[in-house]
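Since this is a predicted model, take the numbers as computed values, not measurements. As the structure lists them, so they are numbered: ligands from 1, and atoms in each ligand from 1.
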Amino acid sequence: MEFPSRRYGRYIIRSRVGEGGMAEVFLADAIPPRGDKFSVALKLMRKGVPLEAFADEVDLMGLLDHPNLVRMLESGEAFGRPYIAMEFLDGGDLKRLMDAHETLKRRIPVGIAVHVCIEVLRALSYFHQLRTRSGRPLELVHGDVNPSNIFFSGEADVKLGDFGVAKGSAANIGPQDGVAAGKLHYLSPEQTLGESLTPASDLFSLGIVLHELVVGTHPFLRNETDDEVVMEAIRAAKVSLPDTVDKGLGQIIRKALTPDLDSRYRTAGEFAGALLTWTLDSGNSPSRENVKSWLLKTLSYAGL
Ligand SMILES: Nc1ncnc2c1ncn2[C@@H]1O[C@H](COP(=O)(O)OP(=O)(O)OP(=O)(O)O)[C@@H](O)[C@H]1O
């Protein structure tokens with residue numbers, strides 16, 4: 001893997017954070033003309049990736065402005081490679097935290113699990129309803145809601161990121177061909193069929209994350225590697241919850257994971273409302289301090 005030069009445009013690269021299908025992500029210092037340097041996540045497009053794919057993500061991120069969405073600071077090109085500079089989220093992603101809990105044989109407290117999903121739903125509610133400046137609905141669907149795309153700031157803010165496969169049916173954003181482009185184990189039934197997507201598709205994917213967080217296991221064949229077998233299990237969406245799961249919360253998980261679109265939550269607001277009511281009724285709403293202390297403890301126990 002080619003390492004870019006240490007100095008990259010107005011950024012100085014400190015370390016490599018990871019890589020995805022389209023790009024590599026680095027932790028870098030931004031050196032502003034005035035004022036102090038600050039950390040950014042610098043996403044550099046891989047060589048050979050079609051420019052349009054990256055340009056779509058840049059265009060879309062430029063439209064977004066919500067506290068629960070990863071914020072783009074600027075985009076540009078240096079040494080022939082397009083880049084996106086984003087806020088750096090030093091709490092890492094939810095996948096890493098879930099793996100840390102598994103290694104430590106601990107469970108994520110249910111109140112925290114539900115809080116994380118409510119925050120992602122705030123992001124999705126904004127995203128799904130976004131309009132152009134002239135008021136035209138963009139009809140956006142994220143298409144890749146999964147634990148690797150849910151991030152935490154050091155202050156325990158929850159942010160949804162990675163808009164690489166987002167689609168806008170009313171706008172010319174993202175692939176329009178209905179390809180199942182999200183992460184396999186988090187696809188919705190309609191995504192596995194290549195059908196056109198609605199916001200409810202993102203809600204199904206988040207339902208899988210909620211199940212994983214609350215029950216401690218993925219609802220559909222997490223360890224299966226045959227794509228067809230996984231997609232069949234998603235389409236059947238048989239959910240069997242252990243008795244230990246609170247009944248009310250279980251009903252919410254089942255409704256989010258209904259294959260039939262008419263019976264599933266239709267909007268992020270409706271799904272979030274059900275979870276908020278549950279937290280209030282069950283006395284499970286953690287304070288900001290509780291969430292931050294859980295995050296810092298997990299990061300420190302796991303040596304992250
Ligand atoms: N803003 C950010 N702050 C901190 N880490 C980030 C940020 N954005 C991405 N990362 C990390 O960088 C790595 C690569 O991210 P990226 O979004 O490119 O890939 P991915 O989600 O693994 O794959 P793909 O883009 O193919 O879905 C991941 O480990 C991710 O957690």
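- Within the structure, every pair that satisfies the salt bridge (Lys or Arg N to Asp or Glu O under 4.0 Å) test and touches residues 60-75, not counting sequence neighbours, is listed here: Arg10-Glu74.
- Between Lys43 and the options Glu57, Glu19, Glu87, a salt bridge (charged side-chain N to carboxylate O under 4.0 Å, His left out) holds for only Glu57.
- At least one donor-acceptor pair closer than 3.5 Å links the side chain of His211 to the backbone N or O of Thr217.
- For ligand 1, residues of the protein lying within 4.0 angstrom by heavy-atom distance are Val17, Gly18, Glu19, Gly20, Gly21, Val25, Ala41, Lys43, Val70, Met86, Glu87, Phe88, Leu89, Asp93, Asp144, Asn149, Phe151, Asp162.
- Grouping the Ile, Leu, Val, Met, Phe, Trp and Tyr side chains by contacts below 4.5 angstrom, directly or via other members, places Leu73 apart from Phe88.
- For residues 244-264, no residue pair satisfies the ring-ring contact (aromatic ring centres under 6.0 Å, His included) rule, not counting sequence neighbours.
- Applying the ring-ring contact (aromatic ring centres under 6.0 Å, His included) criterion to Phe151, with sequence neighbours excluded, gives no partner residue.
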